[in-house]
Amino acid sequence: DVKVTQSSRYLVKRTGEKVFLECVQDMDHENMFWYRQDPGLGLRLIYFSYDVKMKEKGDIPEGYSVSREKKERFSLILESASTNQTSMYLCASSSWTSGNEQFFGPGTRLTVL
Amino acid sequence: GIQVEQSPPDLILQEGANSTLRCNFSDSVNNLQWFHQNPWGQLINLFYIPSGTKQNGRLSATTVATERYSLLYISSSQTTDSGVYFCAVEPSQHSGGSNYKLTFGKGTLLTVNP
């Protein structure tokens, strides 16, 4: 079974802090994704990575950056957290060989005070 | 971009009842997935079904790609089936969409009462 893990289930940070969210997958998938989920807005793609050190912006990249130094790990970075980044963050991974079927991690509920 | 509409938005059932959830999409797709979001927020994969019919226990799904809709059937519902069900699609390249991002519907909130 595909396993996608995220570093924290719940996180509370203060405005202006630098925040790192980590995601690890164990299925050698080449694709990894970061989404955020907000009430009324649904799930929206922040960033996508299709290979080590490769990334593409999604629908809402402003205020975020990403890092993919190893194939299994994809990090989301909030350079200076703001209250409007309070959200549920979901990481996913997939492979082109299985039709881009995406598998999600448990999510991180981030609160920025 | 591609539009994904799910119906009904809310559904309340008694345990043991059957239900059908619908997903309409506005353009051709490479990928269609059904998810169940559990109370802790995790998206659980139910089906990867860009076309055809699949069954897994009490759940089954059918996608008619030519008519741009998918159906999720839940039979003999249980209280543990409660939660939000999402349909998500990846547009086909020829339709002008990106070939990686999933576009999600707004979901169907299912409540199964004992």
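Just so it is clear: chains get the letters A, B, ... in the order the sequence lines come, proteins before strands, and each one is counted from 1.
Note: the hydrophobic cluster containing B:Leu59 does not contain B:Leu71 (ILVMFWY, side chain heavy atoms under 4.5 Å, direct or indirect links). Both A:Val19 and A:Ile60 are members of a single hydrophobic cluster when ILVMFWY side chains are connected at heavy-atom separations under 4.5 Å. A:Val66 and A:Phe104 are assigned to two separate hydrophobic clusters, defined by single-linkage of ILVMFWY side chains at heavy-atom distances under 4.5 Å. No path of Ile, Leu, Val, Met, Phe, Trp and Tyr side chains, each step under 4.5 Å between heavy atoms, connects A:Tyr47 with A:Phe103, placing them in separate hydrophobic clusters. Under the 4.5 Å side-chain heavy-atom criterion for grouping Ile, Leu, Val, Met, Phe, Trp and Tyr, B:Val112 is connected to B:Leu11 within one hydrophobic cluster.
Distance check, rounded to the nearest 0.5 Å: CE of A:Met88 to CD of B:Gln42 gives 8.5 Å. From B:Glu90, atom CD reaches atom OG of A:Ser94 across 8.0 Å, with rounding to the nearest 0.5 Å. Separation of atoms CD (B:Gln33) and CG (A:Asn100) is listed at 7.5 Å; rounding is to 0.5 Å.
For B:Glu5, the CD atom counts as loosely surrounded, since its 6.0 Å shell holds 12 or fewer non-hydrogen atoms of other residues, nucleotides or ligands. Residue B:Lys106 places its NZ atom among 12 or fewer non-hydrogen atoms of other residues, nucleotides or ligands, all under 6.0 Å distant. The neighbour count for B:Arg58 CZ, taken as heavy atoms of other residues, nucleotides or ligands under 6.0 Å away, is above 12.
Side-chain contact between A:Leu90 and B:Leu43 is present, with heavy atoms from C-beta onward closer than 4.5 Å. A:Gln37 is listed as a side-chain neighbour of B:Gln37, based on a closest heavy-atom distance under 4.5 Å.
Closest heavy-atom contact between B:Asn45 and A:Gln102: ND2-O, 2.9 Å.
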(request) Evaluate side-chain contact (heavy atoms from CB on, under 4.5 Å) for B:Leu102 paired with A:Tyr35, printing each intermediate quantity in order. (result) CA-CA 10 Å; B:Leu102 285 179; A:Tyr35 294 86; 3.6 Å; yes
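Using cut-offs of 30° and 60° for the angle between ring planes, the B:Tyr100 and A:Phe48 rings count as parallel.
Counting heavy-atom pairs closer than 4.5 Å to chain B, the top residue among A:Gly105, A:Gly58, A:Ser98, A:Gly107 is A:Gly105. Ranked by heavy-atom pairs under 4.5 Å with chain B, the first of A:Leu41, A:Asn31, A:Leu45 is A:Leu45.
When heavy atoms are compared at a cutoff of 4.5 Å, A:Gln6 does not approach chain B at all. When heavy atoms are compared at a cutoff of 4.5 Å, A:Arg9 approaches chain B solely by way of its side chain, counted from C-beta outward.
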